[in-house]
Asker: 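The structure's right below; bear with me while I get my questions together.
Everything quoted here is computed from the prediction, not taken from an experiment. In this chain, numbering begins with 1 at the start of the sequence shown.
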Amino acid sequence: MTPISRIRPLILFDIDGTLLRTGDPHHGASFVHAFEHIYGRPVTLEGVPLAGMLDAQIARELFERHQLNADEAAQKLTEMMEMMGRRYTDALAGGSLRERLLPGVTESVLVCFQREWSAGVLTGNARSVGHAKLRAAGLDRLLSFGAFGDTAIDRSHLVEAAIHDAERVIGVRHQPAETVLVGDTPNDIRAARLGGARVIAVATGRFDVDALSEHEPDALLPDLSDTLAFESAVETVLRRK
């Protein structure tokens with residue numbers, strides 16, 4: 001087994017519920033505005049399972065609910081995601097999301113750089129929305145690559161997409177077994193498993209420790225406030241076969 005000291009792991013942070021508190025009102029409002037404008041149907045996100053979902057998956061869920069032809073609607077999905085991103089960016093109006101940062105997030109991201117671990121994101125947010133959130137939270141220069149939820153059909157596809165984007169930006173090709181996803185939902189755990197990555201679950205979103213433990217993540221933390229515990233969890237999960 002390769003010693004952890006010789007591995008430069010790839011750490012991928014989810015955004016909503018992991019880096020930032022869930023329930024961003026601008027995101028939901030921007031999604032609804034763009035969907036209604038592009039597809040001409042009044043919609044609500046009430047009753048739609050949002051936790052751990054890709055923005056594109058949520059749109060497809062609404063295609064079914066409103067009996068839209070899925071193939072025809074999908075042809076306009078890129079346009080809808082771009083409109084949502086513009087609307088979201090305008091809604092932020094250059095404001096800050098630092099108050100939505102969860103405990104220990106900035107410190108844990110900085111640990112990755114101190115240890116020379118590669119760090120990026122793996123999120124269900126559309127790319128433009130995700131980048132806007134990272135900028136507003138002051139994390140965009142630290143987390144400059146990753147995979148986003150406006151093109152993939154399933155979250156598990158994003159592990160390989162993030163590995164590819166990391167290689168594009170930093171010139172290092174990581175293996176799935178050297179990749180650690182940090183997320184707050186069962187869908188994050190499932191995505192890591194299907195993508196061949198390790199996973200550290202954090203109970204900072206809509207699922208508590210007991211709910212997450214049922215899905216058997218490689219490590220489970222109440223939050224990221226204990227930076228040493230986070231650092232130890234990364235090392236531990238990477239040693240597992």
Side-chain angles (χ1 to χ4, degrees), residues 12-95 97 100 120-137 139-140 143-162 164-165 168 183-185 187-188 190-191 194-195 205-206:
L12 300 171
F13 293 91
D14 176 46
I15 294 180
D16 298 317
T18 301
L19 297 178
L20 301 173
R21 286 189 290 109
T22 58
D24 182 338
H26 296 309
H27 190 173
S30 299
F31 186 104
V32 168
H33 168 83
F35 192 97
E36 292 182 344
H37 185 87
I38 297 298
Y39 297 110
R41 302 287 180 89
V43 297
T44 176
L45 296 178
E46 186 175 350
V48 178
L50 302 177
M53 291 281 281
L54 309 179
D55 279 346
Q57 283 180 311
I58 295 168
R60 292 186 177 94
E61 172 83 13
L62 292 174
F63 295 165
E64 294 185 13
R65 291 191 178 200
H66 294 273
Q67 299 180 329
L68 295 173
N69 181 286
D71 291 336
E72 292 178 3
Q75 293 176 11
K76 298 181 178 180
L77 187 57
T78 298
E79 184 182 359
M80 183 241 154
M81 292 291 158
E82 290 174 349
M83 176 174 285
M84 175 178 62
R86 292 193 298 271
R87 181 79 172 193
Y88 182 80
T89 301
D90 289 345
L92 286 182
L97 291 178
R100 300 189 70 87
V121 297
L122 188 155
T123 175
N125 290 179
R127 182 176 294 273
S128 55
V129 172
H131 281 309
K133 289 183 181 182
L134 292 173
R135 283 195 302 273
L139 295 174
D140 54 317
L143 302 172
S144 60
F145 58 82
F148 299 84
D150 46 359
T151 55
I153 294 175
D154 185 87
R155 202 176 187 90
S156 64
H157 302 162
L158 296 183
V159 172
E160 176 57 32
H164 178 76
D165 202 44
R168 178 187 66 83
D184 63 288
T185 73
N187 278 344
D188 294 313
R190 175 177 173 272
L194 293 176
R206 293 186 171 94

Asker: Could you check whether D90 pairs with R87 (Lys NZ or Arg NE/NH1/NH2 to Asp/Glu carboxylate O, under 4.0 Å)?
Answerer: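 Salt bridge between D90 and R87, a charged N being under 4.0 Å from a carboxylate O: no.
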
Asker: Distance from R21 atom CZ to L97 atom CG, nearest 0.5 Å?
Answerer: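 Answer for the CZ-CG pair, R21 versus L97, is 9.5 Å.
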
Asker: Work out which heavy atom in L134 is nearest to a heavy atom in L143; give both atom names and the distance.
Answerer: CD1-O, 3.8 Å

Asker: Please report the shortest heavy-atom distance between A132 and L92, naming the atom on each side.
Answerer: O-CD1, 3.9 Å

Asker: As an exercise, state the distance from OG1 of T22 to CZ of R100, rounded to the nearest 0.5 Å.
Answerer: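 Rounded to the nearest 0.5 Å, the OG1-CZ separation comes to 7.5 Å.
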
Asker: Measure up the Y39 and F63 rings against each other and bin them: parallel (under 30°), tilted (30 to 60°), perpendicular (over 60°).
Answerer: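 Answer is perpendicular, since the angle exceeds 60°.
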
Asker: Could you check D140 against H131 for side-chain contact (heavy atoms from CB on, under 4.5 Å), going step by step and ending with a plain yes or no?
Answerer: CA-CA 7 Å; D140 54 317; H131 281 309; over 6 Å; no

Asker: Sequence neighbours left out, cut at 3.5 Å: what donor-acceptor pairs do the side chains of residues 69-82 make with other protein atoms?
Answerer:
from, atom 1, to, atom 2, distance (Å)
N69, OD1, D71, N, 3.1
N69, OD1, E72, N, 2.9

Asker: What's the shortest heavy-atom distance between L139 and L19, and which atoms?
Answerer: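 Heavy-atom minimum between the residues: CD1-CD1, 4.2 Å.
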
Asker: Should the pair H33 and H37 be assigned to parallel (<30°), tilted (30 to 60°) or perpendicular (>60°) ring geometry?
Answerer: parallel

Asker: Quick one: pull up CG in D150 and CE in M84 and give me the separation to the nearest 0.5 Å.
Answerer: 7.0 Å

Asker: Let me confirm one number: the CZ-OG1 distance from F13 to T123, rounded to the nearest 0.5 Å.
Answerer: 13.0 Å

Asker: Begin with the C-alpha distance, continue with both residues' side-chain angles, and end with the deciding distance and a verdict on side-chain contact (heavy atoms from CB on, under 4.5 Å) for V129 and I15.
Answerer: CA-CA 11 Å; V129 172; I15 294 180; over 6 Å; no

Asker: Nearest 0.5 Å, please: how far is CG in D165 from CG in L12?
Answerer: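 Here the rounded value is 10.0 Å.
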
Asker: Any side-chain to backbone donor/acceptor pair from E160 onto G195? Under 3.5 Å, distance only.
Answerer: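 Checked: no pair found.
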
Asker: Quick one, R206 and T185 - any side-chain contact, counting heavy atoms below 4.5 Å?
Answerer: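 Not touching, per the 4.5 Å side-chain cut-off.
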
Asker: Roughly how far, to the nearest 0.5 Å, is CG of N125 from CG of D16?
Answerer: 4.5 Å

Asker: Sequence neighbours excluded and cut-off under 3.5 Å, please list the side-chain donor-acceptor pairs for residues 45-59, or say none.
Answerer:
from, atom 1, to, atom 2, distance (Å)
D55, OD1, H27, NE2, 3.3
D55, OD2, H27, NE2, 3.1
D55, OD2, A126, N, 2.8
Q57, OE1, L54, N, 3.0
Q57, NE2, I153, O, 3.3

Asker: Grab the two heavy atoms, one from A162 and one from A147, that are nearest each other, plus how far apart they are.
Answerer: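 Scanning both residues completely, I find the closest heavy atoms to be N-CB, 3.6 Å.
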
Asker: Tell me whether the rings of F35 and H66 are parallel (<30°), tilted (30 to 60°) or perpendicular (>60°).
Answerer: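 Tilted, since the angle between the ring planes falls between 30° and 60°.
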
